[in-house]
Amino acid sequence: MTAVRLLVVTAVRAERDAVARGLGPAAAVECGALPGREMLRIDCTGDASSERADRTAAGQGPVRHRQLVADLTAGGVGPAAAAAATDAALTAAAVRGDRYHLVVSTGIAGGFVPVADVGSVVVADRVIAADLGCETPDGFLSMDCLGFGVSEHACAPHLSAAVARVLGAVHAPVLTVSTVTGTEERAQRLRQRHGAAAEAMEGFGVAEAAAVHGVPLLELRTVSNAVGPRDRAAWRIPDALTALQDAFAVLYTVLARGAPPPYV
Ligand SMILES: O=C(O)c1cccc(C(=O)CC[C@H]2O[C@@H](n3cnc4c(=O)[nH]cnc43)[C@H](O)[C@@H]2O)c1
């Protein structure tokens with residue numbers, strides 16, 4: 001079976017480590033693929049995942065798992081940091097002649113309640129740069145309206161739909177913002193303009209780099225807070241990190257046992 005090579009980009013280490021726990025139990029090793037950047041590598045097909053295959057297949061005969069090698073990086077908060085980290089990793093892989101099959105942008109997010117409640121999982125069908133453009137008296141003009149490029153990227157349609165189905169997740173647009181929404185007014189404006197399920201700060205940056213390299217994209221978010229008036233005390237970050245870990249355990253089975261790459 002073809003080995004799947006995966007690049008996972010989070011904003012912070014707590015998210016990266018939750019992903020590593022979900023993809024485990026194989027140990028993550030520092031692979032130092034890039035100067036000045038930490039990269040964890042997990043080969044999910046070691047002895048430990050053979051045990052997992054045995055558990056999964058108990059009483060059903062042997063189930064073969066595709067080899068899955070995941071590189072995990074915490075690229076920083078915001079679309080610029082995310083784009084830089086993703087491009088660096090994709091360029092290094094291309095130079096090594098060892099290209100990735102899939103890039104996953106992931107972490108916690110704000111949810112547009114009730115489409116995505118706190119504690120829920122969102123898999124993007126597309127990522128939208130929601131505050132990159134021009135504010136005018138007649139409304140917001142996006143990058144494509146201005147003729148400066150695109151303002152959204154599609155995620156791998158079949159894969160993202162399959163992952164959402166298996167996870168029981170919301171499958172809808174995820175916004176990328178440089179400024180976290182902190183008022184009901186802006187939340188309503190974004191809700192009406194895009195019909196999105198969640199907002200976060202990195203997806204579009206990851207997507208821009210992935211598009212340049214021609215690598216398919218997934219964005220998977222777990223909801224730690226409602227989009228709207230700032231209420232830090234209501235954030236459920238530990239729960240969202242646990243949900244992220246659980247979601248990646250499921251993603252592992254989809255990638256290791258579902259349709260092989262190329263992802264479409
Ligand atoms: O201190 C605050 O009030 C505050 C409010 C919202 C977000 C933050 C962050 O530090 C979030 C940064 C981090 O988490 C993702 N995230 C989570 N929830 C949201 C959200 O509602 N809107 C945008 N981003 C969110 C984001 O991707 C960043 O990586 C602090």
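We number each residue from 1, following the sequence as shown. We count ligands from 1, going down the list as the structure has it; atoms in each ligand are counted the same way. What's counted below: heavy atoms across the whole structure, side chains too, no hydrogens, waters or symmetry copies. Predicted model, so just to flag it, every value in this text is computed and none were measured.
- Distances from atom 6 (C) of ligand 1 to the protein include at least one heavy-atom value under 4.0 Å.
- Here's the thing with Gly110: one of its N/O atoms is less than 3.5 angstrom from an N/O atom of ligand 1.
- Stacking of Arg191 on the aromatic ring of Phe112 is not recorded, the 6.0 Å distance cut-off and the 45° axial limit not both being met.
- Counting atoms of ligand 1 from 1 in the listed order, those under 4.0 Å from a heavy atom of Ala11 are 29 (O).
- For the residue pair Thr181/Glu199, the side-chain donor-acceptor check at 3.5 Å is satisfied.
- In this structure, Ala109 is part of the shell of residues with a heavy atom less than 4.0 angstrom from ligand 1.
- In the vicinity of Arg221, heavy-atom distances shorter than 4.0 Å reach the ligand 1 atoms 27 (O).
- At a heavy-atom cutoff of 4.0 Å, ligand 1 is contacted by the side chain of Trp235 but not by its backbone.
- Taking distance alone, with nitrogen or oxygen atoms compared against 3.5 Å, Arg230 approaches ligand 1 more closely than that limit.
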| said: Using the rule given for side-chain hydrogen bond (donor to acceptor under 3.5 Å, both in side chains), can you reason through Asp138 versus Thr136, listing the C-alpha separation, both sets of side-chain angles and the distance that settles it, and then say yes or no? | reply: CA-CA 5 Å; Asp138 299 324; Thr136 78; 4.8 Å; no
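- Counting heavy atoms of neighbouring residues, nucleotides and ligands inside a 6.0 Å radius, atom CD of Glu185 does not exceed 12 of them.
- The Ala200 neighbourhood of ligand 1 comprises atoms 23 (C), 24 (N), 27 (O), with distances under 4.0 Å to a heavy atom of that residue.
- With hydrogens left out, the protein atom closest to atom 14 (O) of ligand 1 is Ile108 CG1, 3.7 Å, a heavy atom.
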| field | Derivation of the ring pair (Phe, Tyr, Trp, His ring centres under 6.0 Å) call for His213 and Tyr100 | value | CA-CA 10 Å; His213 289 266; Tyr100 293 102; 9.7 Å; no
| request: Determine, step by step, whether Glu38 and Arg13 satisfy the salt bridge (Lys or Arg N to Asp or Glu O under 4.0 Å) criterion, reporting the C-alpha distance in whole Å, the side-chain angles of both residues, the deciding distance to 0.1 Å, and the verdict. | output: CA-CA 10 Å; Glu38 268 183 17; Arg13 284 187 190 168; 2.9 Å; yes
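- There is no protein heavy atom less than 4.0 angstrom from atom 10 (O) of ligand 1.
- The shell of residues lying under 4.0 angstrom from ligand 1, judged by heavy atoms, excludes Thr181.
- For the side-chain contact (heavy atoms from CB on, under 4.5 Å) criterion with Leu244, the lone passing option out of Leu220, Thr10, Val121 is Leu220.
- Closest heavy-atom approach to atom 29 (O) of ligand 1 among the candidates Glu202, Glu199, Met201: Glu202.
- The closest side-chain heavy-atom distance from Arg221 to Glu202 is below 4.5 Å.
- In this pair, His101 and Tyr263 present their aromatic rings perpendicular. The plane angle is above 60°, beyond the 30 to 60° band.
- Of the candidates Ile237, Val227, Asn225, Asn225 brings a heavy atom nearest to atom 21 (O) of ligand 1.
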